[in-house]
Amino acid sequence: MSEMRLVVAGAAGRMGRMLIAAIGDSLGVTLTGALEYSGSPHIGEDAGLLIGRPANGVALSADAGAVLSQADALIDFSSPAATVALAAQTAQAGVAHVIGTTGLTGGDLAAIAAAAERNVVVRSGNMSLGVNLLAVLVERAAKALGPAWDAEIVEMHHKMKVDAPSGTALLLGEAVAHGRGVDLSERSARARDGVTGPRQAGDIGFAALRGGTVVGDHMVIFAGAGERIELAHRAEDRGIFARGAVAAALWTRGRAAGLYSMADVLGLGEAL
Ligand SMILES: NC(=O)C1=CN([C@@H]2O[C@H](COP(=O)(O)OP(=O)(O)OC[C@H]3O[C@@H](n4cnc5c(N)ncnc54)[C@H](OP(=O)(O)O)[C@@H]3O)[C@@H](O)[C@H]2O)C=CC1
Ligand SMILES: O=C(O)C1=N[C@H](C(=O)O)C[C@H](O)C1
């Protein structure tokens, strides 16, 4: 089978650079394009040189149309606005779209779902095996424990992260909600400050910490009467997300149009 032609969006970012490296290190894929926004100082730079490796002949570009015409899949860890625009462009070009971008609004998600009616789209707030397995465990725990055990989700990330709660925290919140058979949007408690009154029964709480260079820590706490369960994941290296995204891109080959998750890619069944 021919090598799969991959494009990276947000190529000069923290994840974009990891993806250029991961694609270079993976079998069955080749980097054919690297997208950045039009004002980026990196436009025209060689993607290999950008990450401190030998030149690979792929220049960073802002011309999505031209780059996508030479691609089978786009791996996109950029910004919500860029991702929504790229969802329409990939659907138009028939290029599978692997989305790692977080901070997406309800409107952004609806635009992505619309694109997925005619394109293969994989979206996840976390592309690592560990977090997606954690989501399975969290869902099971939430189902077994019920709402009498208060669920709180605590995350910590590096100081450059711009969105909160993290995409992973929301994914884990969805796992709790799914396990309980409730709608997360109706039960999430995202901020507490001042005289808040007692905790509302059934709430799914979120707390976000930011500082230093933390790659990504997540903990789901189930607090019962007189005991507590803590399920946690600590990301130590962004390579776990990049390798997961490359695996997702390979998985899209030959799939029917639709909106898929990393649980689908990893064969974790019903998980999120
Ligand atoms: N799902 C997962 O497993 C993971 C998801 N993420 C998410 O991925 C996203 C990126 O994270 P990270 O790499 O740390 O962030 P960065 O800010 O380092 O990278 C984002 C990159 O996208 C660029 N960009 C902005 N607009 C466009 C555009 N229109 N076209 C192409 N590129 C564009 C930015 O350029 P500039 O900086 O010049 O604006 C920047 O280089 C975040 O939403 C983050 O939460 C991160 C890790 C794992
Ligand atoms: O911005 C990041 O860095 C990360 N973002 C993702 C998220 O929002 O959960 C995944 C990971 O935790 C790192």
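Whatever order the structure lists them in is the order used to number ligands and atoms, beginning at 1. Being a predicted model, the structure only gives us computed values, none of them experimental.
Within the 4.0 Å heavy-atom criterion, the part of Val215 lying near ligand 2 is the backbone and not the side chain. Looking at His157 against ligand 2, only its side chain comes within 4.0 Å, counting heavy atoms. Contact annotation: for Arg238 versus ligand 1, there are no heavy atoms closer than 4.0 Å. Within the 4.0 Å heavy-atom criterion, the part of Ser124 lying near ligand 1 is the backbone and not the side chain. Contacts with ligand 1 closer than 4.0 Å are made by side-chain heavy atoms of Ser79 only, the backbone lying farther away. Within the 4.0 Å heavy-atom criterion, neither part of Met15 lies near ligand 2. Neither the backbone nor the side chain of Arg14 has any atom closer than 4.0 Å to an atom of ligand 2 (non-hydrogen atoms only).
For atom 19 (O) of ligand 1, the closest non-hydrogen atom of the protein is Gly13 CA, 3.3 Å. When only non-hydrogen protein atoms are considered, atom 15 (O) of ligand 1 lies nearest to Arg14 NH2, 3.5 Å. In terms of protein heavy-atom proximity, atom 41 (O) of ligand 1 is nearest to Glu36 OE2, 2.7 Å. The protein heavy-atom contact nearest to atom 11 (O) of ligand 1 is Met15 CG, 4.3 Å. In terms of protein heavy-atom proximity, atom 36 (P) of ligand 1 is nearest to Tyr37 CE2, 3.7 Å. Regarding atom 45 (O) of ligand 1, its nearest protein heavy-atom neighbour is Thr102 OG1, 2.5 Å. Of the protein's heavy atoms, Met127 N, 2.8 Å lies nearest to atom 3 (O) of ligand 1. With hydrogens left out, the protein atom closest to atom 5 (N) of ligand 2 is Lys161 NZ, 3.2 Å, a heavy atom. Atom 4 (C) of ligand 1 has its closest protein heavy atom at Phe77 CE2, 3.3 Å.
For atom 7 (C) of ligand 2, the choice among Gly103, Gly167, Ala164 with the nearest heavy atom turns out to be Gly167. When the heavy-atom distances from atom 9 (C) of ligand 1 to Gly100, Gly10, Ala12, Ser78 are ranked, the shortest goes to Ser78. Remark: among candidates Pro41, Ala242, Ala82, the nearest residue to atom 29 (N) of ligand 1 is Ala82, based on non-hydrogen atoms. Counting heavy atoms only, Gly125 comes closest to atom 2 (C) of ligand 1 of the residues Ala34, Gly125, Ser128, Ala248.
With Val176 as the fixed residue, the side chain to side chain contact (heavy atoms under 4.5 Å, CB included) test singles out one of Leu145, Leu184, Val138: Val138. Exactly one of Gln200, Arg199, Arg228 qualifies for a side-chain hydrogen bond (donor to acceptor under 3.5 Å, both in side chains) with Asp150. That residue is Arg199.
Residue contacts with ligand 2: His158 is placed with a nitrogen or oxygen under 3.5 Å of a nitrogen or oxygen of the ligand (distance criterion only). Among the atoms of Ala9, none of the N or O lies under 3.5 angstrom from an N or O of ligand 1. For Thr168, a nitrogen or oxygen atom sits less than 3.5 Å from a nitrogen or oxygen atom of ligand 2, counting backbone and side chain alike. Where the criterion is an N or O separation shorter than 3.5 Å, residue side chain and backbone included, Ala11 fails it with respect to ligand 1.
Applying the 4.0 Å criterion to heavy atoms of Ser166 picks out, from ligand 2, the atoms 7 (C), 8 (O), 9 (O). Those atoms of ligand 2 with a heavy atom of His218 less than 4.0 angstrom away are 12 (O). Listed by atom number, the atoms of ligand 1 under 4.0 Å from Thr101 heavy atoms are 43 (O). For ligand 2, the atoms sitting less than 4.0 Å from at least one non-hydrogen atom of Gly125 are 6 (C), 7 (C), 9 (O), 10 (C), numbered in the order shown with element in parentheses.
Taking 4.5 Å as the limit, every side-chain heavy atom of Met18 sits out of range of all side-chain heavy atoms of Ile23.
Electrostatic pairing of Arg180 and Glu139 does not count as a salt bridge here, judged by no charged N lying under 4.0 Å from a carboxylate O.
Geometrically, Arg255 engages Trp251 in a cation-pi contact defined by less than 6.0 Å to the ring centre and at most 45° from the axis.
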### Test side-chain contact (heavy atoms from CB on, under 4.5 Å) applied to Asn119 and His97, step by step
CA-CA 8 Å; Asn119 195 20; His97 194 183; 4.2 Å; yes
### Message
Before you tell me yes or no, could you show the steps for Arg5 and Asp72 under salt bridge (Lys or Arg N to Asp or Glu O under 4.0 Å), namely the whole-Å CA-CA distance, both residues' side-chain angles and the distance that decides it to 0.1 Å?
### Response
CA-CA 5 Å; Arg5 300 168 302 166; Asp72 300 309; 3.1 Å; yes
### Query
Under the side-chain contact (heavy atoms from CB on, under 4.5 Å) criterion, do Lys143 and Arg140 qualify, and how do the steps go?
CA-CA 5 Å; Lys143 188 172 185 179; Arg140 278 202 200 154; 5.8 Å; no
#### Entry: side-chain hydrogen bond (donor to acceptor under 3.5 Å, both in side chains) between Asp183 and Ser185, intermediate numbers included
CA-CA 6 Å; Asp183 186 341; Ser185 65; 3.0 Å; yes
### Task
Please test Lys161 against Glu155 for salt bridge (Lys or Arg N to Asp or Glu O under 4.0 Å), starting from the C-alpha separation and ending with a verdict.
CA-CA 12 Å; Lys161 185 160 178 63; Glu155 51 110 335; over 6 Å; no
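The side-chain hydrogen bond (donor to acceptor under 3.5 Å, both in side chains) pairs that include a residue from residues 6-32 are Asp25-Arg53, where partners are two or more places apart or lie in different chains.
The closest donor-acceptor contact from the side chain of Thr90 to the backbone of Ala87 lies under 3.5 Å. Although no hydrogens or angles enter the test, the distance criterion places no donor-acceptor pair under 3.5 Å between the side chain of Ser40 and the main chain of Glu36.
Side-chain contact annotation: Ser78 with Asp76, donor-acceptor N/O pair under 3.5 Å present. For Ser166 and His157, the side-chain atoms include no donor-acceptor pair closer than 3.5 Å.
Taking a 4.0 Å cut-off on heavy atoms, Lys161 registers as neighbouring ligand 1.
Hydrophobic cluster membership differs between Leu31 and Val95, with clusters built from Ile, Leu, Val, Met, Phe, Trp and Tyr side chains linked at under 4.5 angstrom.
Remark: Gln92 CD is loosely packed, at most 12 non-hydrogen atoms of other residues, nucleotides or ligands lying under 6.0 Å away.
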